[in-house]
Amino acid sequence: MIKITFPDGTAREYKNGISSLEIAEQISPRLAKEVYAATVNGEIRDLTRPIDHDATLKLHKWEDEAAKHAFWHSSAHLMAEALESLYPGMKFGIGPAIENGFYYDVDPGDERVITEADLQTIENRMKELAAKNLTFSRREVSKKEALYIFKKKSDEYKTELISELADGTITLYTQGNFTDLCRGPHLPSTEPLKAIKLLSVAGAYWRGNEKRKMLTRIYGITFPKQKLLDDYLVFLEEAKRRDHRRIGKELELFTFSQKVGMGLPLWLPKGSDIRQNLINFLTGVLRKRGYKIVTTPHIGNVNLYKTSGHFEKYGADSFQPISTPQEGEQFMLKPMNCPHHCEIYNATPHSYKDMPLRMAEFGTVYRYEQSGELHGLTRVRSFTQDDAHHFCRPDQLREEFKSIIDLILYIFKILNFNDFTAQISLRDPNNKQKYIGSDENWERAEREIIEAAAEKNLETTVVTGEAAFYGPKLDFMVKDAIGRKWQLGTIQVDYNLPERFDLTYNGSDNQKHRPVMIHRTIFGSLERFVAVLIENTAGKFPLWLAPEKAVILPISEKFNDYAGKVLEILNNSDICTLIDERSEKIGKKIRDNELKRIPYLLIIGEKEVENETIAVRKQGEGDKGSMKIEEFVSFINSEIKKEIAF
RNA sequence: GCCGAUGUAGCUCAGUUGGUCAGAGCAGCUGAUUUGUAAUCUGCAGGUCGGGGGUUCGAAUCCCUUCAUCGGCUCCA
């Protein structure tokens with residue numbers, strides 16, 4: 001007998017060799033149908049694997065990530081089986097579960113192309129196979145045997161993977177006629193894979209290396225119930241409606257022009273208003289926190305970037321230098337503001353007493369992004385960073401860094417960005433030539449970031465190889481409508497640029513000392529920030545950000561005069577207001593202006609003229625009753641003040 | 001940049017196998033209506049069907065090429 005301890009602390013005895021699934025069945029047959037994986041002594045395993053020692057056991061139902069993972073991973077294998085039966089000779093790369101569903105990278109052979117038109121066929125075959133209730137069976141094999149099996153299939157991708165694995169750790173999973181190299185875990189059988197949807201095909205380089213062959217990646221998702229799949233598809237449809245590219249067009253916020261060039265956003269008046277509101281708001285916050293605002297040109301001499309090291313690192317992949325007609329000088333479009341700011345630092349002498357120095361600029365920068373990388377406002381070739389650089393003494397670094405974390409959290413809170421993640425990006429220690437600066441500087445900087453984040457109790461994930469080339473960073477990521485993560489705020493510790501630009505300050509010992517530099521943004525860029533804001537709010541901006549606060553809707557043209565008076569009062573009170581004087585019925589006017597997401601609709605008819613009031617309707621909420629005009633003005637002002645109280 | 005898909009009026013989309021296939025709704029402009037909380041009615045105007053080349057008696061439709069966009073990959077100072 002073995003003793004199994006459950007998460008609630010209770011323990012029961014079972015016969016040795018019992019599987020998690022059998023335990024679930026003994027608890028309740030219904031439970032057995034709802035579990036998809038088990039954690040045995042901390043290790044996630046197949047439900048069908050026997051347990052031969054005392055253990056803790058957690059059974060995973062659909063709600064657990066571990067269950068979804070096994071479910072989707074098994075789905076990937078099912079898809080592979082379907083593919084192999086439909087397209088004999090197809091070769092397989094990797095097929096993991098991902099955050100939402102799964103994919104498989106396949107090489108269909110040079111003659112064959114899998115397109116979205118084929119997805120339905122594959123999906124149908126998957127359903128046929130799943131209905132056969134095929135069991136997934138696990139087998140441990142020697143490296144030699146594994147290589148033999150996949151060489152026989154001439155599956156070079158699998159043999160490459162196997163050749164890198166240690167002998168004794170290799171497992172195969174088989175369902176029906178399909179066997180795959182796999183660590184597992186998997187479902188007991190294909191039976192629960194009922195609702196299946198293949199979503200898209202895309203190209204993906206083998207092992208993520210652009211020098212290697214491009215495989216075909218097929219994305220799909222499955223659910224244990226059709227209802228869950230239907231809900232997911234509805235969610236995707238709704239997400240499409242929140243897409244910032246779509247709302248940007250609908251609400252006339254920004255546009256792109258082929259003539260101007262790809263990735264170069266054109267901000268329309270209303271979009272510009274939102275930008276300006278953000279800039280004004282942030283500028284106010286920054287001034288209170290001791291920042292000095294600076295302004296620098298959009299181009300810089302190529303030598304500036306040679307000094308900073310950017311030219312060596314990115315010169316070939318940047319917009320190429322602009323040459324002057326006469327003197328043979330070369331200028332680059334500014335790809336970042338830091339070198340300019342270093343030179344501003346150098347323009348005046350600095351004392352240790354003046355530190356830290358906080359220098360901010362809404363700086364527009366230009367970066368050459370590969371054409372296939374461009375994406376709405378989130379990835380563009382010209383964008384405005386809410387950039388700042390803190391120059392501080394080494395002993396101030398920790399506090400300075402922590403104050404920036406506070407600032408970012410504060411701004412995110414005001415904007416209701418609650419669903420963000422923080423990521424610490426370190427350099428790849430096996431690939432040091434990608435970075436500039438000494439090991440000592442890097443180690444110091446990485447330690448500072450890790451410790452500062454820890455002191456702020458910030459929940460972070462650590463990723464190696466994602467650092468900037470001059471220093472490690474702490475990034476704040478926010479998701480868009482369909483769950484893609486975008487980096488917004490970033491804080492980067494840099495010991496390298498101060499050396500390259502020979503930045504100094506006089507210490508109390510009257511000696512020259514080297515300051516530490518912190519690069520930071522909060523929004524990241526106004527472009528990306530507005531994009532994420534649009535997707536998070538579905539275009540219903542908070543009042544303080546809305547380009548237009550209210551629209552006046554006269555019930556008939558008889559009331560246009562009074563409406564005009566109200567309009568004047570509101571606009572003179574700095575409440576940007578429109579008027580809809582069309583000879584439409586009030587229902588129509590309300591509908592049209594609701595769809596424009598203007599926060600307040602002010603309806604004016606006979607009663608309002610008589611009482612010198614306005615009938616206030618809040619966008620998305622309906623009638624709020626009437627108010628005096630002055631009352632409305634102070635109401636709006638107090639609402640705005642509440643939103644951006646600081 | 002790479003793989004795949006898409007590209008028809010300002011927007012959303014119809015256009016079977018190449019032969020009145022250049023259409024609809026919304027938006028716009030007209031005129032009527034003068035309206036009380038999410039769509040009043042009338043009429044008009046709008047497109048060299050992304051650009052270029054080709055096949056054909058004939059191309060939105062087939063082929064080539066190019067540009068852009070979308071989904072990914074790679075990249076992201």
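Each chain gets a letter, A, B and so on, in the order its sequence line appears, and its residues count up from 1. In this text, all values refer to a predicted model and were calculated from it rather than measured experimentally.
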S.K.: For A:Phe254 and A:Phe256, take the angle between the two ring planes, folded into 0 to 90°, and tell me which bin it lands in: parallel under 30, tilted 30 to 60, perpendicular over 60.
M.R.: perpendicular
S.K.: Can you check whether any acceptor in the base of B:rG1 is under 3.5 Å from a donor in the side chain of A:Tyr368, or vice versa?
M.R.: no
S.K.: Quick check: any donor-acceptor pair below 3.5 Å linking the side-chain of A:Glu594 to the base of B:rA38?
M.R.: yes
S.K.: Pull out every protein N or O sitting under 3.5 Å from an N or O of nucleotides 43-49 of chain B, one pair per line with the distance.
M.R.:
none

S.K.: Look at the aromatic rings of A:His244 and A:His375 and report parallel, tilted or perpendicular, splitting at 30° and 60°.
M.R.: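 The arrangement is tilted - the two ring planes meet at 30° to 60°.
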S.K.: Side chain of A:Ser583, base of B:rU33: donor and acceptor closer than 3.5 Å?
M.R.: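 Between B:rU33 and A:Ser583, which were checked side chain against base, a qualifying N/O pair under 3.5 Å is present.
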S.K.: What about the rings of A:Tyr600 and A:Phe632, do their centers lie closer together than 6.0 Å?
M.R.: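 Yes - the distance between ring centres of A:Tyr600 and A:Phe632 falls below the 6.0 Å cut-off.
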S.K.: May A:Tyr314 be described as stacking on the base of B:rA77, applying a 5.5 Å centroid limit and a 30° limit on plane angle?
M.R.: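 Whether judged by distance or by angle, A:Tyr314 passes, so it stacks on the base of B:rA77.
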S.K.: List the steps, then state whether salt bridge (charged side-chain N to carboxylate O under 4.0 Å, His left out) holds for A:Glu361 with A:Lys334.
M.R.: CA-CA 13 Å; A:Glu361 173 176 15; A:Lys334 176 169 77 175; 3.6 Å; yes
S.K.: Can you confirm whether or not the ring centre of A:Tyr104 sits under 6.0 Å from the ring centre of A:Phe92?
M.R.: yes
S.K.: Any donor-acceptor pair, under 3.5 Å, between the side chain of A:Glu250 and the base of B:rG10, if you only look at N and O atoms?
M.R.: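 No, no donor-acceptor pair under 3.5 Å.
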S.K.: So, under a plain 3.5 Å distance rule, would you say the side chain of A:Arg379 forms a donor-acceptor pair with the base of B:rC76?
M.R.: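 Check passes, donor-acceptor contact within cut-off.
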